[in-house]
Structure formats: C-alpha cells, structure tokens
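Structure first, then comments.
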Amino acid sequence: GSYFTNVDSATEVKQDYWVIPCEDLMLEGQILGEGNFGQVMKATIKKGDRRVKAAIKVLKEGATDNDRKDFIGELDIMCKIGPHPNVINLIGACHVGDQLLVATEYAPYGSLLEVLRSSRTLDTDPDYAQKTNMACALSCEQLLQMAIDVARGMKFLSEKGCIHRDLAARNVLVGEHMVAKVSDFGLSRGENVYVKTTMGRLPVRWMAVESLTYSVYTTKSDVWSYGILLWEIITLGGTPYCGMTCKELFERLPQGYRMEQPLNCDDDLYQLMRQCWRDRPYDRPPFAQICVALNKMLQARK
Ligand code: ADE
C-alpha cells in the first residue's frame, strides 16, 4: 500500500508525500506533452490491488538550477495545498537514482485548449469525432461548467495563498466526465518575481496590466488571466488579441484598451470578463464572486 516519508534534505522538499516504489511504476512511453521542465509521460501505477493512470514529469536533461528549483517547488506546493476536484492532484513521487519522477493524476481529455479547439471540428468532421472521445461539440452549458470548474480550482488555490502566474487554457486539463482541473503550478510562488515560461517567453497575452508594467503578480493578476481564459472558452480556443503585437499590448492595455465582446458571447459573461480586466487589481472580483456569478448564468440557461 501507500506510505509516507520525510524526504531527505538533498531534494529540498520538507513536505510529506507518497513515495512510489519504482517497481510499481510502469511508463507507457506515450508523451502527453511538454511541461515547463521536460516531457510529461503517461504511466500506470500499482496501488495495492488497483492500477491508476498517472502523468509522470521528469526534470529534463540540461535543466538549470532554476528549473530544478521550480520543479521541486511545484512538488512542494502540491504537497502543501492538498487535493481538490478542480486541481490536478499529486499522486506521489518516485526516486530513480538521482532523478525525481513526479506522478500526478491523469486527465484523459488533455488540455482545455485542445478540447476547445477540437470541438470546433467535431460538427464538420465526423471522422474526427470518432477519433477523439468526444461525441459532439461542446454545449453552452458544458462551456459554462468548465469555466466554473476552473474558477473553483482557482478559489481553492487563492485561499491557500497560491498565486498561479500562468493561468491559461493550455494549463488547464480536462479529466473524467469533462471536469476541468487547474494544472502547472510550476511558476506559482509566494514572492513577486519576474517569471519566464518554457521558451523564455512571457505569457504576455494572459498577463495583467500591472504584471506587464511592474512585474507584479497577485491573486488579482490571476483573476485577469482568468478573464482571458473565459474569452478562450467562449471563442473555443481563440488567440487573445489576435493580430496585435506584444509591443502594442504594452502600449494599449495601460491606456484602457480591452478585447471586444466575442460574437456568440452573452452580455453577462462579457461583463464578467471586463470586471476581471479592470485597471485596479482590487476592483476585480475575487474567485468566490466569479463562482457565484457563473453559477447564476448556468442556472438561468438550464
Ligand atoms: N500533462 C500533460 N498532459 C496531461 C494529461 N493528459 N494528464 C495529466 N497531466 C498532463
């Protein structure tokens, strides 16, 4: 069965987590994606009599000290915050030599961005519908439900004092029963620092105006990014500020420029996005309030 242990100081992690015996972990070879620190692989883990599917992250070769710090930091954060249905949860970690393999729950539908974009073609391409697990395009209710899922995950994280810093549809995974789960805590930290993503590129199109200009990250800058994520959901994976350069964003966002209302977007949902994109961080709604607002919209449509 499972057991907990205190990890030695070499791994810099002081929290307890389930140490997976190496022989109970079977890598399946399938690459699920590129994480911030290396590849993510699909695996099966023997847990008593049960077999659980998992996503395994390994620190890439040639990782910098900073990568390593972020990688361990993510494990550390996942240990500390504990499980939630709308967050990708930690299963455990496995030590192989001096390598650390981190196992998280497996999300069968992949990233929300992929789910949104592929739902566009489901209507027009029946072959594609067969190839994927999804039978039909996403309904308005399903889209709203996934927006609620993410808001709940973020409410939970923010209550734990966790700032995500890279909230976007690409960093949300879709699990069993199409439940959306916030993923990739690698960049989340307590301090306000300038953070770079995988390619050294900043997720400028998701960044709050104060993150762009002052490199300040708070739960309220996560709320801004959440507003962009709402826009991604309603446009089925559109590119925010499409046609605008990053330089233009740097110039125009502080001047008050915001994306306009997407064609199929109801007024109440657009109002919520605009609240998330308010200039002053404290004017933006907290995630708890976003949950309430979205639940009302969902009830009104049912
Ligand atoms: N990381 C990338 N793809 C994943 C998936 N399908 N499940 C869990 N983590 C992932």
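The structure displayed is predicted, hence computed values, not measured ones. Order of appearance sets the numbers: ligands from 1, and atoms from 1 within every ligand.
Using a 4.0 Å cut-off between charged nitrogen and carboxylate oxygen, Asp184 and Lys57 count as a salt-bridge pair. A salt bridge is defined here as a Lys NZ or Arg NE, NH1 or NH2 lying under 4.0 Å from an Asp or Glu carboxylate O, and Arg258 with Asp279 meets this definition.
Taking every heavy atom of both residues into account, Val223 and Cys276 meet most closely at O-CB, 3.4 Å. When all heavy atoms of Ser158 and Thr219 are compared, the closest pair comes out as CB-CG2, 3.6 Å.
Applying the side-chain contact (heavy atoms from CB on, under 4.5 Å) criterion to Thr213, with sequence neighbours excluded, gives Pro254.
Annotation: ligand 1 has protein neighbours Leu32, Val40, Ala55, Glu105, Tyr106, Ala107, Leu173, each with a heavy atom less than 4.0 angstrom from the ligand.
Aromatic ring orientation, Trp224 versus Trp277: tilted (interplanar angle from 30° to 60°).
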